[in-house]
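First comes the structure, then the notes that go with it.
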Amino acid sequence: MFLAVDAGNSNIVIGVFDEKSWIHQWRIETEHFLESTVFDKEIIAHLKGLEIDSAIVSSVVPAITKDLLISIKNTVDIEPTVLRGSINTGIKLATDNREEVGTDIIANAVGAYNHFQESCIIVDFGTATTVMVVQKPGVLAGGAISAGLETSIEALVGNAAQLSEFSIQVPPGAMANSTAEAMQSGLVLGHIAMVEGLVQRMKKESGAQKVIATGGLSTLLAPYTEVFDEVDPMLTLNGLRIIEAKEKRQKEE
């Protein structure tokens, strides 16, 4: 079995693949890991007893990477591959500094390009919302990074005394007649509109036509726009799976 760990600023997503499908998936808050510096006990309990023969970690949170690797080693007795910009993933990075590219962005690019086998655009709804372009024959050409929806909500609520917290949901229309719905219109529909605008511009600039969405909020937001051809919450983990398989083959050769 194969273990993939995607450590982001908000959540750590863990998946176990059995050569055919993802049989287990868990999510823990990164803040929890930062406070305890150990793997969540429940996650360790799930991993104990599983025959894990390879593992890979993508982490955009340097403060937890070392402890995360130690936890995995102690739990499944595997030395995980650590995804870095310098690893040969099959995707070229159009940048002078490969190490500055988020490893989650690289994993998404690998997953999406291997799926479509043509130029495509990836939208990842996470702590940041990223809109990235992969062009034939497999080049991460560039993209845009903005504050994620939850990050934007926290910023607005935290800095506006008369605005209270509200649930993330799509309002019945853009023209709201209550403060709560007005916030949902501006933040949620506004976020969707931003993504639609960026995708439209990037299609013109790159020629890419296929668009895929991933990330924690992708399944909530995708039904309210026609910009996405597909939605795959497992895209990052699938990209990590492909990268680890490639690394394993290279080590055996």
Side-chain angles (χ1 to χ4, degrees), residues 6 8-13 25 27-31 60 102 104-105 107-109 111-112 115-116 118-135 140-237:
D6 174 33
N9 289 292
S10 299
N11 295 285
I12 302 172
V13 181
Q25 183 190 355
R27 180 184 297 262
I28 62 175
E29 293 182 5
T30 303
E31 185 178 357
V60 296
D104 54 341
I105 290 174
N108 284 342
H115 176 65
F116 288 121
E118 63 178 280
S119 298
C120 56
I121 299 172
I122 307 124
V123 180
D124 188 343
F125 295 99
T127 304
T129 293
T130 61
V131 185
M132 296 291 160
V133 176
V134 183
Q135 290 181 302
L140 182 55
I145 302 173
S146 70
L149 178 54
E150 290 179 324
T151 304
S152 299
I153 290 170
E154 290 171 4
L156 180 59
V157 171
N159 288 281
Q162 290 187 309
L163 298 180
S164 58
E165 293 189 30
F166 70 105
S167 60
I168 298 179
Q169 59 185 34
V170 180
M175 295 175 58
N177 54 21
S178 72
T179 299
E181 286 190 359
M183 291 173 68
Q184 289 169 345
S185 175
L187 289 164
V188 182
L189 291 182
H191 203 74
I192 292 172
M194 175 196 71
V195 168
E196 290 173 334
L198 285 172
V199 167
Q200 183 181 20
R201 286 172 178 267
M202 290 185 191
K203 280 185 173 182
K204 290 181 180 179
E205 292 177 13
S206 68
Q209 295 301 311
K210 294 293 185 180
V211 185
I212 189 167
T214 191
L217 292 174
S218 59
T219 53
L220 171 66
L221 301 180
Y224 298 93
T225 176
E226 297 180 355
V227 75
F228 302 122
D229 296 290
E230 294 190 32
V231 178
D232 183 5
M234 302 296 289
L235 182 66
T236 311
L237 293 189

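Owing to the predicted nature of the structure, the values given are computational and were not obtained by experimental measurement.
Applying the side chain to side chain donor-acceptor pair (under 3.5 Å) rule to Q25 yields no partners; only residues at least two apart in sequence or on another chain are considered. Under the side chain to side chain contact (heavy atoms under 4.5 Å, CB included) criterion, Q200 pairs with K204, sequence neighbours left out. Checked against side chain to side chain contact (heavy atoms under 4.5 Å, CB included), A182 has the following partners two or more places apart in sequence or in another chain: A176. Applying the side chain to side chain contact (heavy atoms under 4.5 Å, CB included) criterion to T225, with sequence neighbours excluded, gives I192, E196, V227, F228. Looking at residues two or more places apart in sequence or on another chain, you find no side chain to side chain donor-acceptor pair (under 3.5 Å) involving E205. Under the rule for a side chain to side chain contact (heavy atoms under 4.5 Å, CB included), the partners of D232 that lie at least two apart in sequence or sit in another chain are I212, M234, L235, N238.
Interatomic distance, CE of M175 versus CG of L189, reported as 13.0 Å (0.5 Å rounding). Rounding to the nearest 0.5 Å places CE of M132 at 4.0 Å from CD1 of I145. Here the CD-CG distance, from E154 to L149, works out to 10.0 Å after rounding to the nearest 0.5 Å. To the nearest 0.5 Å, atom NZ of residue K203 and atom CG of residue L198 are 13.0 Å apart. Here the CD1-CE distance, from I168 to M183, works out to 10.5 Å after rounding to the nearest 0.5 Å.
In this structure, N11 and E29 approach most closely via the heavy-atom pair OD1-CA, 3.9 Å. Nearest heavy atoms, V60 versus G102: CG1-CA, 4.3 Å.
S185 places a side-chain N or O within donor-acceptor distance of the main-chain N or O of A174, the cut-off being under 3.5 Å.
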Trace of the side-chain contact (heavy atoms from CB on, under 4.5 Å) decision for V211 with M202: CA-CA 11 Å; V211 185; M202 290 185 191; over 6 Å; no
Name each donor-acceptor pair under 3.5 Å that joins a side chain in residues 120-131 to protein atoms two or more places apart or in another chain, with its distance.
{"unit_1": "D124", "atom_1": "OD2", "unit_2": "N108", "atom_2": "ND2", "d": "2.9"}
{"unit_1": "T127", "atom_1": "OG1", "unit_2": "S10", "atom_2": "N", "d": "3.4"}
{"unit_1": "T127", "atom_1": "OG1", "unit_2": "S10", "atom_2": "OG", "d": "2.5"}
{"unit_1": "T129", "atom_1": "OG1", "unit_2": "H191", "atom_2": "NE2", "d": "2.7"}

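Sorted by first and then second residue, the side-chain hydrogen bond (donor to acceptor under 3.5 Å, both in side chains) pairs with a member in residues 206-223 form an empty list; sequence neighbours excluded.
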